[in-house]
Number of protein chains: 2
Amino acid sequence: MMSKTDVIIIEDNELLRDSLKEAINKSSSISCINAFGSGEAALEFIESEELVPDIILLDIGLPGMSGIELIPELKKLSPSSKIIIITIHDDDENVFNAICAGASGYLLKDLSSNGIVNSISEVMNGGAPMNSHIAKKVLNMFRDQNVKSSGYSLSDREKEILALLVDGLSKKQIAENIFLSHHTVDSHIRNIYAKLEVHSRSSAISKAIKEKLL
Amino acid sequence: MMSKTDVIIIEDNELLRDSLKEAINKSSSISCINAFGSGEAALEFIESEELVPDIILLDIGLPGMSGIELIPELKKLSPSSKIIIITIHDDDENVFNAICAGASGYLLKDLSSNGIVNSISEVMNGGAPMNSHIAKKVLNMFRDQNVKSSGYSLSDREKEILALLVDGLSKKQIAENIFLSHHTVDSHIRNIYAKLEVHSRSSAISKAIKEKLL
DNA sequence: TTATCAATCACGCAAATGCGTGATTTTTAA
DNA sequence: TTAAAAATCACGCATTTGCGTGATTGATAA
């Protein structure tokens with residue numbers, strides 16, 4: 001038989017903490033083995049007891065060390081634990097930081113006890129439960145990071161040469177690479193600079209990569 | 001009274017198409033106004049009828065034009081329509097492309113009719129319903145894009161100068177900027193090159209931006 | 001305590017870069 | 001058909017870059 005899923009809770013609000021604990025312990029497959037009111041308390045206990053929970057339910061708005069700051073520390077002490085954020089903070093910055101720090105789920109505090117328990121199961125099955133509005137934020141952030149700018153109307157040749165510049169080639173190397181005179185390459189590079197409104201290779205390369213021109 | 005949510009379906013499998021349509025029309029707040037077996041058929045109809053659905057349920061594996069290719073075309077004809085992907089394809093590439101093209105949701109075909117109807121409501125409420133495993137993929141892709149590499153052990157001074165290089169400054173400009181001799185700047189740049197294992201400013205800048213060294 | 005590393009500064013030179021100022025041909029759009 | 005853009009090639013020159021080959025001063029770790 002499969003052993004129970006071990007959960008710990010880090011949440012400063014005592015009422016919420018207790019109700020979460022209660023809800024979890026009602027389920028036959030999950031058990032809340034500990035609950036803490038601060039990150040520091042949790043870290044201390046985990047370290048001294050060498051605790052390795054399957055799931056850590058984590059609030060962001062904690063006294064002292066914030067939930068976000070806590071994530072890397074928790075990962076250090078117990079790398080296999082999956083972290084689920086449960087918070088009222090749904091701003092881009094917190095969502096971004098939590099995900100980058102390695103959270104496996106991001107839920108809002110309006111979720112039912114039943115929803116929490118289901119989310120824990122989803123994480124154990126390799127999923128990443130997310131509030132639908134959080135998911136929307138993630139999708140938007142993701143898309144914004146990957147839109148290819150196309151506003152400089154570079155020609156195909158110019159894009160080709162810009163790509164070679166990004167790869168670190170000199171004019172001569174580029175010329176050899178695409179069988180052109182280095183004068184022609186020079187000419188193309190000037191046109192690229194004009195279109196990108198820069199005056200140096202460095203700026204052109206930075207702009208090309210940062211604004212995903214290729 | 002609020003008007004009904006208008007949905008169209010683009011799905012080549014006739015059985016699934018019909019069962020989706022049926023499930024949607026059972027709901028009192030949603031109605032399926034049309035269903036198509038191919039992207040081309042849908043585009044033609046939308047254009048000629050000037051159809052503006054609230055939601056488009058879209059399969060990826062379509063005959064002819066794929067669902068992914070279809071997204072920009074649909075957005076062109078009806079920019080306000082929200083697109084929900086319903087597919088069996090859960091590979092990174094399809095997920096990535098669908099999101100970047102502007103999908104508002106990504107569901108798998110194992111979802112119940114009820115789940116589909118709920119997802120439509122979520123999108124209408126500004127959310128982005130996602131299968132939990134898809135969400136996991138998105139989270140991982142998102143995180144991977146934003147991890148800061150730190151494996152080159154650049155000193156603070158070197159990072160500072162590397163940042164100025166990325167900004168397109170010359171040695172002289174950097175020297176003026178941080179009140180150093182241009183010789184010193186030159187020396188730092190050489191050390192940066194050595195640590196990054198490059199031999200040109202271009203390569204250093206590319207590496208710095210692509211691998212998020214700053 | 002000693003050695004390593006970071007940070008600072010210096011000279012010289014071959015190569016590369018950025019730009020002014022041209023030209024010719026081909027392709028594309030009006 | 002005609003004008004505009006793209007692609008090709010050329011010379012010269014001031015500036016910048018990359019690198020060889022040094023030195024000195026601190027801080028920090030072995």
Side-chain angles (χ1 to χ4, degrees), chain A residues 76 148-214, chain B residues 47 72-73 76-77 148-214:
Chain A
K76 238 178 271 176
K148 289 208 188 344
S149 159
S150 52
Y152 296 100
S153 59
L154 295 172
S155 71
D156 287 347
R157 201 47 145 179
E158 285 161 356
K159 280 183 201 161
E160 182 184 22
I161 288 174
L162 181 53
L164 294 171
L165 286 179
V166 167
D167 284 344
L169 303 203
S170 70
K171 279 182 210 174
K172 201 183 287 180
Q173 290 173 316
I174 293 174
E176 286 165 7
N177 218 283
I178 56 179
F179 309 108
L180 285 178
S181 157
H182 69 277
H183 294 299
T184 308
V185 175
D186 179 82
S187 175
H188 284 304
I189 290 177
R190 294 185 205 204
N191 292 332
I192 292 171
Y193 288 2
K195 287 184 180 177
L196 299 191
E197 297 175 277
V198 298
H199 304 280
S200 73
R201 184 164 299 205
S202 299
S203 302
I205 291 173
S206 288
K207 205 155 191 172
I209 304 177
K210 285 181 177 171
E211 303 186 18
K212 301 196 191 295
L213 303 186
L214 305 176
Chain B
E47 181 153 31
E73 304 302 320
K76 238 177 269 175
L77 292 179
K148 287 209 201 315
S149 159
S150 53
Y152 296 99
S153 60
L154 293 173
S155 72
D156 287 347
R157 202 46 146 179
E158 285 161 357
K159 280 184 202 161
E160 182 183 23
I161 288 173
L162 181 53
L164 294 170
L165 286 179
V166 167
D167 285 343
L169 304 201
S170 71
K171 280 182 209 173
K172 200 184 286 180
Q173 290 173 315
I174 293 174
E176 287 164 7
N177 218 284
I178 56 180
F179 309 108
L180 286 179
S181 157
H182 69 277
H183 295 300
T184 307
V185 175
D186 178 83
S187 175
H188 284 304
I189 290 177
R190 295 187 204 204
N191 292 331
I192 292 171
Y193 288 1
K195 286 184 180 176
L196 300 191
E197 296 175 276
V198 298
H199 304 281
S200 73
R201 183 164 298 204
S202 299
S203 302
I205 292 173
S206 288
K207 206 156 192 171
I209 304 176
K210 284 181 176 171
E211 305 187 16
K212 302 195 190 295
L213 302 186
L214 304 175

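A note on names: the letters A, B, ... follow the listed sequences, proteins ahead of strands, and every chain is numbered from 1. Bear in mind the structure is a predicted one, so any value in this text is a computation, not a measurement.
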Checklist outcome for this item: Quick note, A:K171 side chain, CB onward, closest among D:dG18, D:dA6, C:dG18 is C:dG18

Next on the checklist: Could you check whether any side-chain N or O of B:K172 sits under 3.5 Å from a backbone N or O of B:H182, counting only pairs where one atom can act as donor and the other as acceptor?
Outcome noted: no

Checklist entry - Counting just side-chain N and O atoms, does B:K172 come under 4.0 Å of either OP1 or OP2 of D:dA14? => result no

Checklist entry - Over how many whole Å does the gap from B:N191 atom CG to C:dT4 atom C1' extend? => result 14 Å

Item to check | Heavy atoms from other residues, nucleotides or ligands near CD of B:Q173 exceed 12 (cutoff 6.0 Å) | outcome: yes

Item to check | Presence of B:T184 side-chain N/O under 4.0 Å of C:dT8 phosphate oxygens OP1/OP2 | outcome: no

Next on the checklist: Does D:dA5 have its OP1 or OP2 closer than 4.0 Å to a side-chain nitrogen or oxygen of A:K195?
Outcome noted: no

Next on the checklist: Taking the side chain as everything from C-beta on, heavy atoms only, tell me whether B:I178 gets closer than 4.5 Å to B:L164.
Outcome noted: yes

Next on the checklist: Any side-chain N or O of B:S155 below 4.0 angstrom from OP1/OP2 of C:dA7?
Outcome noted: yes

Checklist entry - Expressed in angstrom and rounded to an integer, what is the separation of A:E158 atom CD from D:dT8 atom P? => result 10 Å

Checklist entry - Could you give the distance from CG (A:L213) to CG (A:L162), rounded to the nearest 0.5 Å? => result 6.5 Å

Checklist entry - Could you state the CZ-C1' distance from B:R157 to C:dC9, rounded to the nearest angstrom? => result 13 Å

Checklist entry - Got a second to check how far A:Y152's OH is from A:E211's CD, nearest 0.5 Å? => result 3.5 Å

Checklist entry - Which nucleotide in the set C:dC9, C:dG18, D:dT8 lies at the smallest distance from any side-chain heavy atom of A:L180? => result D:dT8

Just list the side-chain donor-acceptor pairs under 3.5 Å for residues 199-207 of chain B, sequence neighbours left out, or say none.
unit_1	atom_1	unit_2	atom_2	d
B:S200	OG	B:S203	N	3.2
B:S200	OG	B:S203	OG	3.0
B:R201	NH1	B:L169	O	3.2
B:S206	OG	A:V166	O	2.5
B:S206	OG	B:S202	O	3.3
B:K207	NZ	B:L196	O	3.0

Checklist entry - Contacts to DNA chain C from residues 199-214 of chain B, heavy-atom cutoff under 4.0 Å, which residues? => result none

Checklist outcome for this item: Distance col, row B:D186:CG vs B:L180:CG, nearest 0.5 angstrom, shows 12.0 Å

Checklist entry - What is the distance, rounded to the nearest whole Å, between atom CD1 of B:I161 and atom P of C:dA6? => result 13 Å

Checklist outcome for this item: Taken to the nearest 0.5 Å, the spacing of A:K171 NZ from A:I174 CD1 works out to 9.5 Å

Checklist outcome for this item: One should read off an interatomic distance between A:H188 NE2 and A:R157 CZ, to the nearest 0.5 angstrom, of 5.5 Å

Checklist entry - So which nucleotide from C:dT17, C:dA10, D:dA10 ends up closest to the side chain of A:S170? => result C:dT17

Checklist entry - Taking atom P of C:dA7 as reference, at what distance in whole Å does atom NZ of B:K159 sit? => result 11 Å

Item to check | Separation between NZ of A:K159 and CD1 of A:I192, rounded to the nearest 0.5 Å | outcome: 11.5 Å

Checklist entry - Atom CG of A:L162 and atom P of D:dA7: how far apart are they, to the nearest Å? => result 13 Å

Checklist entry - Separation of A:I192 atom CD1 from D:dA6 atom P, in whole Å? => result 12 Å

Item to check | Presence of A:H182 side-chain N/O under 4.0 Å of D:dC9 phosphate oxygens OP1/OP2 | outcome: no

Item to check | Distance in angstrom units between A:D156 CG and D:dA5 P, rounded | outcome: 17 Å

Quick one: which protein N/O atoms are closer than 3.5 Å to N/O atoms of nucleotides 20-24 of chain C? Pair and distance per line, please.
unit_1	atom_1	unit_2	atom_2	d
C:dG20	N7	A:R190	NH1	2.6
C:dG20	O6	A:R190	NH1	3.4
C:dG20	O6	A:R190	NH2	2.5
C:dT21	O4	A:R190	NH1	3.1

Checklist entry - Would you say a side-chain N or O of B:Y193 is under 4.0 Å from OP1 or OP2 of D:dG18? => result yes

